[in-house]
J.: 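Starting off with a structure, shown below.
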Amino acid sequence: MPPLKTVQDYIRTIVDFPHDGILFRDVTTLFADPRGFRMAIDQMLHPYAGQPIDKVAGLEARGFILGGAIAHQLSVGFVPIRKKGKLPGAVISEEYQLEYGEAVVELHDDAIQPGERVLLVDDLLATGGTAAAGIRLIERLGGIITGCAFVVDLPDLGGHKRLTDMGMDVHTLCAFDGL
Ligand SMILES: O=P(O)(O)OC[C@H]1O[C@H](OP(=O)(O)OP(=O)(O)O)[C@H](O)[C@@H]1O
Ligand SMILES: Nc1ncnc2[nH]cnc12
């Protein structure tokens, strides 16, 4: 019998996307496989079993796919953290650094009530800039972050340490060396 596949085995690597020298860790192949997708959702939830969570917040774009499934599993609501200009209602905004320049993420200003316990979800943790901006948004609304859950960790880019140093409980399912 072939050995059981791990979450990492379902992730495809695309060389030189979107720039030369980048090994793009493509989770669409994980999402497309029923066993892989369920394994990822179950493993992301495992550390939080029995912990009270009021809402799941997902980071655009692949955090919506994971976060929606996780919120459904927990029977709680889902709130999207989106790139600037995409949310229709009143928003709060946070800037973060990209490789070149800056970007902005936004959250509806009534998406989280003070004291709500929030699980932050995304597909991949690299520098941690996107997640840190998401954390600031949630905390500005008075949300309490129970944890930050990702499928992929790129530890060489420093995001895991950055979020841990902010006092976050960080869980990732697999790690790849390099950029
Ligand atoms: O830890 P960081 O260095 O902030 O990088 C991680 C972020 O980068 C990717 O999204 P991307 O910004 O490519 O946007 P997309 O999901 O809209 O394609 C990934 O899905 C994370 O959201
Ligand atoms: N290597 C990588 N693969 C996929 N998404 C990323 N976001 C930042 N670095 C990435």
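Both ligands and their constituent atoms are indexed starting at 1 by order of listing.
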J.: Using 4.0 Å as the upper bound for N to carboxylate O, is an ion pair formed by Lys55 and Glu116?
T.: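 Looking at Glu116 and Lys55, the cut-off is met.
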J.: Distance-only check: which donor-acceptor pairs under 3.5 Å involve side-chain atoms of residues 140-149, not counting sequence neighbours?
T.:
| unit_1 | atom_1 | unit_2 | atom_2 | d |
| --- | --- | --- | --- | --- |
| Arg140 | NH1 | Ser93 | O | 2.7 |
| Arg140 | NH1 | Glu94 | OE2 | 3.0 |

J.: Stepwise, does the side chain to side chain contact (heavy atoms under 4.5 Å, CB included) test hold for Val121 with Leu59?
T.: CA-CA 6 Å; Val121 172; Leu59 291 159; over 6 Å; no
J.: I'd like to check which ligand 1 atoms, numbered from 1 as shown, lie under 4.0 Å from a non-hydrogen atom of Thr130.
T.: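 With Thr130 as reference, the close atoms of ligand 1 come out as 2 (P), 4 (O), 5 (O), 7 (C).
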J.: Does the side chain of Leu30 reach to within under 4.5 Å of the side chain of Val7, using non-hydrogen atoms?
T.: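 Side chain of Leu30 against side chain of Val7, heavy atoms only: contact under 4.5 Å found.
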J.: Any idea which atoms of ligand 1 are less than 4.0 Å away from a heavy-atom of Leu124?
T.: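 With Leu124 as reference, the close atoms of ligand 1 come out as 6 (C), 21 (C).
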J.: Assert yes or no for the condition that the ring centre distance of Tyr48 to His171 is strictly below 6.0 Å.
T.: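 Yes - the distance between ring centres of Tyr48 and His171 falls below the 6.0 Å cut-off.
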J.: If you measure every N/O of Lys83 against every N/O of ligand 1, is any gap under 3.5 Å?
T.: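 Yes, since at least one N or O of Lys83 sits under 3.5 Å from an N or O of ligand 1.
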J.: side-chain hydrogen bond (donor to acceptor under 3.5 Å, both in side chains) with Asp26: which residues, sequence neighbours excluded?
T.: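 Listed in chain order: Arg12, Thr28.
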J.: Among Val151, Thr6, Asp123, Leu124, whose side chain to side chain contact (heavy atoms under 4.5 Å, CB included) with Ile11 holds?
T.: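 When side chain to side chain contact (heavy atoms under 4.5 Å, CB included) is applied between Ile11 and each of Val151, Thr6, Asp123, Leu124, only Val151 qualifies.
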J.: Within the structure, does Ala126 bring an N/O atom to less than 3.5 angstrom of an N/O atom in ligand 1?
T.: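 Among all N and O atoms of Ala126, at least one is under 3.5 Å from an N or O of ligand 1.
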J.: Does a donor on one side chain and an acceptor on the other come within less than 3.5 Å for Thr13 and Arg25?
T.: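 A pair is found: one side chain offers a donor N or O, the other an acceptor, under 3.5 Å apart.
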J.: Quick check on ligand 2: any N or O pairs to the protein under 3.5 Å? One line per pair.
T.:
| unit_1 | atom_1 | unit_2 | atom_2 | d |
| --- | --- | --- | --- | --- |
| ligand 2 | 1 (N) | Leu23 | O | 2.9 |
| ligand 2 | 3 (N) | Arg25 | N | 2.9 |

J.: How does Asp123 reach ligand 1, by side chain, by backbone, by both or by neither, if only non-hydrogen atoms under 4.0 Å count?
T.: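 Side chain only.
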J.: In terms of hydrophobic clusters joined by side-chain contacts under 4.5 Å, are Leu120 and Ile53 together?
T.: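 No, no single cluster joins them.
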J.: Does Asp122 come within less than 4.0 angstrom of ligand 1, counting non-hydrogen atoms of the residue?
T.: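 Yes.
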J.: Can you measure from CD (Gln73) to CG (Asp42) and round to the nearest 0.5 angstrom?
T.: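 One finds 6.0 Å between CD of Gln73 and CG of Asp42.
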J.: Any protein heavy-atom neighbour for atom 20 (O) of ligand 1 (distance below 4.0 angstrom)?
T.: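 True for atom 20 (O) of ligand 1.
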J.: Kindly confirm or rule out an N or O of Leu59 lying under 3.5 angstrom from an N or O of ligand 1.
T.: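 There is no such contact.
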J.: So is Gly128 touching ligand 1 or not, going by heavy atoms under 4.0 Å?
T.: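 Yes.
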J.: Considering only the protein, which heavy-atom contact is closest to atom 9 (C) of ligand 1, and what is its distance?
T.: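 Nearest neighbour among protein heavy atoms for atom 9 (C) of ligand 1, to 0.1 Å: Arg62 NH2, 3.8 Å.
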J.: Return the closest protein heavy atom for atom 3 (O) of ligand 1 as residue, atom name and distance.
T.: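 It is Thr127 OG1, 2.6 Å.
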J.: With sequence neighbours excluded, tell me which residues meet side chain to side chain contact (heavy atoms under 4.5 Å, CB included) with Pro155.
T.: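 By the side chain to side chain contact (heavy atoms under 4.5 Å, CB included) rule, Pro155 matches Asp153, Ala175.
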J.: Report the nearest protein non-hydrogen atom to atom 16 (O) of ligand 1: residue, atom name, distance rounded to 0.1 Å.
T.: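 Going atom by atom, the protein heavy atom closest to atom 16 (O) of ligand 1 ends up being Ala61 N, 3.0 Å.
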